[in-house]
Amino acid sequence: MILPMKKVSILVLDSEREEAMRKIRKLGLVHIDAQSFTGEKMTRLKDETAALEQAMQAISDVADKKALKKLEKSEADERETLSVARKVVALNAEKKDCQSACISARAELEQYEGWGDVTPADFEYLAQKGIVLSMYEIASADYASIDAEIKTLSVSHDKKKTYMLVVEEESAEEKPALPESARRIQLPSASTQELKQRIEEGQKRMAELDDEMRGYMNYIPMMKEALAAGNKEIEFDAYLHGMEEAELSDASGNTPAVAILSSYVPEEDMDQLKAAAKENAWGIVSDDPTMEDNVPTKLHNNKFVSLIYPLTDFLGTVPGYFEQDISGYFLVFMLIFFGIIFGDGGYGLLITIVGILMLVKTREPGKSPSSMSLLIILFGVATLIWGTLTCTWFGMGVEQIPQWLQNLSLPMISNVYEENTWYPFWTNGEVGLTTAQNLQIFCFLLALIQLSIAHILGIIRNRRSLLVLSDIGSLMQLWGMFYVVLTLVVNGEVFGLGRVINGIPVGTISVVLVAVGFVIYFIFANYDGSIGASVLESVKNIISMLLGVVNVFSDIVSYIRLWAVGLAGAAIAETFNQMAGGFLGNLVFIVFAIFILVFGHGLNMILNVLSVIVHGVRLNTLEFSSHVGINWSGHKYEPFKE
């Protein structure tokens, strides 16, 4: 759930502003919107933190990774640490200059690769003696066609190019031209030997700079502490100077200068803030936030639902303060989507083992287990369950899977019964459904359940307003369109629009639900106290209203991506199994077969992770969220604290 917040203004004497801010920070309850402030102190602090960040990065780039994990903390104070950071930044800047010079010299040297040693001074000397030479490249096939009047000297050649010197002579007569493939080459900025020497000296100097920067490795812990302190000071200074100033008259007629801090505080913490205000003689004005306020969102859920936070933090998805918290639904359906997309019990077993190992490795005495580890275990278990139900294990054929695992599968969606056709009772055994069609129906059922939950939440939210009828209309469209999807996508004979089951014309009812639901939604979708105004607004947006019916259809069909992606993953796993199978009969190639299996299934799991992010997350953050009415426009509650 989203905890209620209060919009709070804290009033302090301007002369006590800095002391009050330090006490507010120590309290750790107040969320302050980011402030933009520039000043001499702020500029200095940002310069120092930038130097610390750059220094740590420069040292980390050249240091041994294992050594970085075993650093001993230096005894240096803050001033010495900052001095070292600036020195490292200067060394790194010199290194970049050396790199740039080497790259430039190497690029220039490559242009003269076919010329051997080239010295501009030699050309200048010859020019002073009256012999002016120019460097040319020409296609080897055209070299023999050069006019005899042009004096040339071939320096070297290969199949494609000939490198030659041309004697430039001054003459009143017009000279014949060189072939079109001839290209004049400019002299290098220095001799090729000097360019090579520059590269060699640059590489030597860079190695010396790397060694010198590595020597400051033990300063990294102190740099991290100094950086954290600097960032805190930047935050403090920005908030301090971001306070509004005012003058208030007291009972005696005095008008002391007052500083006002605008902030947000969780309603449950207001008593603690009031107690601190009374103790420090601060003034407090609080009110409920409005839709125009940039209110932070503070989520509070039970331990199980909170397991989804590592994923939502990674995605950066935060519901707005006035939106709904769907964390619980997000977690449950994300587990289902993950299981279907990975779709393999063997993969699920591996993921579960990895999660357990992470849990054991990261568990600290007296602390709660890592949410990330528990979430990975849940993802693994979900995949294991789905793989068991469908009898999918490392992409193996059914004949290779033990019988007891086959018996655990669910017949309607199991690979064991892939060749069988299932006959619903209303078809009298005439028309049936394949295993693939049953899986499609399951995906559409997930869509129906999840999107129905979205509109039920809307009904609960708008239960005191006629706007609730728009959610009821949307729900009717959803249920009617579900059967239309089964008709058009799964099997038109089993789920025909003319189908009558036990005397109930389900096809006709589905069409009526869509039509009536659309009319109700059309009337009340924009309701804000006046039905007439709501209808008029819908008429203005008639095109988007009509497209809304199509969107319901497409949103349901969108869930078939779960089956399609899972099917693709199974095909990839099976393909790599077949590739490796050809080598398993020969002892010499067993290692190669194992490599194919490890590489193939590893690649498949990576692709599945990407598919979960692209498809599984999308169904929660787009299809489901759009039906709930969530735009993920919020930002997290982050209190100002030490």
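Only heavy atoms go into these numbers, but all of them, side chains included; no hydrogens, no water, no symmetry mates.
- For Lys224, there are no salt bridge (charged side-chain N to carboxylate O under 4.0 Å, His left out) partners, not counting sequence neighbours.
- No donor-acceptor pair under 3.5 Å is formed between the side chain of Ser263 and the backbone N or O of His31.
- When all heavy atoms are compared, the tightest approach of Ile377 to Gly355 is CG1-C, 3.5 Å.
- The main-chain N or O of Val62 is found under 3.5 Å from a side-chain atom of Arg214 such that the two form a donor-acceptor pair.
- For Glu267, there are no salt bridge (charged side-chain N to carboxylate O under 4.0 Å, His left out) partners two or more places apart in sequence or in a different chain.
- Glu493 CD to Thr427 OG1: the interatomic distance, rounded to the nearest 0.5 Å, is 10.0 Å.
- A donor atom on one side chain and an acceptor atom on the other are not found under 3.5 Å apart for Gln400 and Asn577.
- In this structure, Glu268 and Lys298 have side chains that are in contact, with non-hydrogen atoms separated by less than 4.5 Å.
- Residues His635 and Val318 are not in side-chain contact: their nearest non-hydrogen atoms beyond the backbone lie 4.5 Å or more apart.
- To the nearest 0.5 Å, atoms CD1 (Ile556) and CD (Gln477) are separated by 10.0 Å.
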Legend entry - CA sep, side-chain torsions, deciding dist, call: Leu29, Phe640, side chain to side chain contact (heavy atoms under 4.5 Å, CB included): CA-CA 7 Å; Leu29 299 175; Phe640 178 46; over 6 Å; no
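- Here CG of Asp293 is found 10.0 Å from OH of Tyr321. Values are rounded to the nearest 0.5 Å.
- Using a cutoff of 4.0 Å between basic side-chain nitrogens and carboxylate oxygens, Asp288 and Lys7 are not scored as salt-bridged.
- Checking Gln450 against Tyr559 by side-chain atom types alone, a donor-acceptor pair falls below 3.5 Å.
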Could you list the donor-acceptor pairs under 3.5 angstrom formed between side-chain atoms of residues 388-398 and any protein atom two or more places apart in sequence or on another chain?
from   : atom 1 : to     : atom 2 : distance (Å)
Thr388 : OG1    : Leu384 : O      : 2.7
Thr390 : OG1    : Trp386 : O      : 2.9
Thr390 : OG1    : Thr392 : OG1    : 3.0
Thr392 : OG1    : Asn415 : ND2    : 2.9

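- Here the side chains of Val30 and Pro639 are not in contact, with every heavy-atom distance at 4.5 Å or above.
- When atom types are taken as modelled, the side chain of Ser414 and the backbone of Pro411 share no donor-acceptor pair closer than 3.5 angstrom.
- Under the 3.5 Å distance criterion, the side-chain polar atoms of Ser470 are left unmatched by any main-chain donor or acceptor of Tyr521.
- Residues Asn231 and Ile234 are in side-chain contact: their nearest non-hydrogen atoms beyond the backbone lie under 4.5 Å apart.
- What you find for Ile220 and Ser60 is that their closest heavy atoms are CD1-OG, 4.1 Å.
- In this structure, Leu486 CG and Leu448 CG are separated by 9.0 Å, a value rounded to the nearest 0.5 Å.
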Legend entry - Ile340 and Leu446: CA distance, side-chain angles, deciding distance, side chain to side chain contact (heavy atoms under 4.5 Å, CB included) verdict: CA-CA 11 Å; Ile340 296 175; Leu446 282 177; 3.7 Å; yes
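- A side-chain donor-acceptor contact under 3.5 Å links Asn604 and Tyr347.
- Between Val305 and Gly328, the shortest heavy-atom contact is CG1-N, 3.4 Å.
- Nearest heavy-atom pair, Leu475 versus His455, reported as atom, atom and distance to 0.1 Å: CD1-CB, 3.9 Å.
- To the nearest 0.5 Å, atoms CH2 (Trp563) and SG (Cys443) are separated by 8.5 Å.
- Side-chain rings of Phe444 and Phe482 stay apart, their centers remaining 6.0 Å or farther from each other.
- Using a 3.5 Å distance cut-off with no hydrogens or angles, the side chains of Thr621 and Arg618 do not pair a donor with an acceptor.
- Checked by atom type and distance alone, the side chain of Tyr483 pairs as donor or acceptor with a backbone atom of Gly496 at under 3.5 Å.
- A search for salt bridge (charged side-chain N to carboxylate O under 4.0 Å, His left out) contacts involving Lys636 returns Asp313, not counting sequence neighbours.
- Counting heavy atoms from C-beta on, the side chains of Asn620 and Met334 come closer than 4.5 Å.
- Using a 3.5 Å distance cut-off with no hydrogens or angles, the side chains of Ser510 and Trp479 do not pair a donor with an acceptor.
- Heavy atoms from other residues, nucleotides or ligands lying under 6.0 Å from CZ of Phe322 number more than 12.
- In this structure, Asp269 contributes its side chain and Gln272 its backbone to no donor-acceptor pair below 3.5 Å.
- Counting all heavy atoms, side chain and backbone alike, Pro289 lies closest to Val295 at CB-CG2, 3.4 Å.
- Expressed to the nearest 0.5 Å, how far CD of Glu225 lies from CE of Met222 amounts to 5.5 Å.
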Inset, instruction - I would like to know whether Arg25 and Phe236 meet side chain to side chain contact (heavy atoms under 4.5 Å, CB included); could you show each step before the answer? - result: CA-CA 8 Å; Arg25 181 170 67 178; Phe236 180 86; 3.7 Å; yes
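- The closest side-chain heavy-atom distance from Leu619 to Leu562 is below 4.5 Å.
- Side-chain polar atoms of Asn294 and Tyr264 form no donor-acceptor pair below 3.5 angstrom.
- Here the two rings, on Tyr329 and Phe333, have centers that are 6.0 Å apart or farther.
- Heavy atoms only, all atoms of each residue included: Tyr417 and Ser409 are closest at CE1-OG, 4.2 Å.
- Distance alone, capped at 3.5 Å, places no donor-acceptor pair between the Asn462 side chain and the Leu467 backbone.
- In terms of the salt bridge (charged side-chain N to carboxylate O under 4.0 Å, His left out) criterion, Glu235 has no residue partners (sequence neighbours excluded).
- No donor-acceptor pair under 3.5 Å is formed between the side chain of Ser558 and the backbone N or O of Ser554.
- Under the side-chain contact (heavy atoms from CB on, under 4.5 Å) rule, Phe330 has a single partner from Ile308, Leu335, Asp325, which is Ile308.
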Which pairs of donor and acceptor atoms, one on a side chain in residues 356-363, lie under 3.5 Å apart (sequence neighbours left out)?
from   : atom 1 : to     : atom 2 : distance (Å)
Thr362 : OG1    : Met358 : O      : 2.6
Arg363 : NE     : Lys367 : O      : 3.2

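- Here the side chain of Trp426 pairs a donor or acceptor atom with the backbone of Val494 at under 3.5 angstrom.
- Asn608 and Ser611 form no side-chain donor-acceptor contact under 3.5 Å, judged by distance and modelled atom types alone.
- A heavy-atom distance below 4.5 Å is not found between the side chains of Thr434 and Asn438.
- Side-chain atoms of Glu323 come within 3.5 Å of backbone atoms of Gly320 as a donor-acceptor pair (strictly under, hydrogens ignored).
- Residues Ile572 and Thr575 are not in side-chain contact: their nearest non-hydrogen atoms beyond the backbone lie 4.5 Å or more apart.
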Inset, instruction - Test side chain to side chain contact (heavy atoms under 4.5 Å, CB included) on Phe624 and Asp555 and set out the steps. - result: CA-CA 9 Å; Phe624 179 51; Asp555 285 347; over 6 Å; no
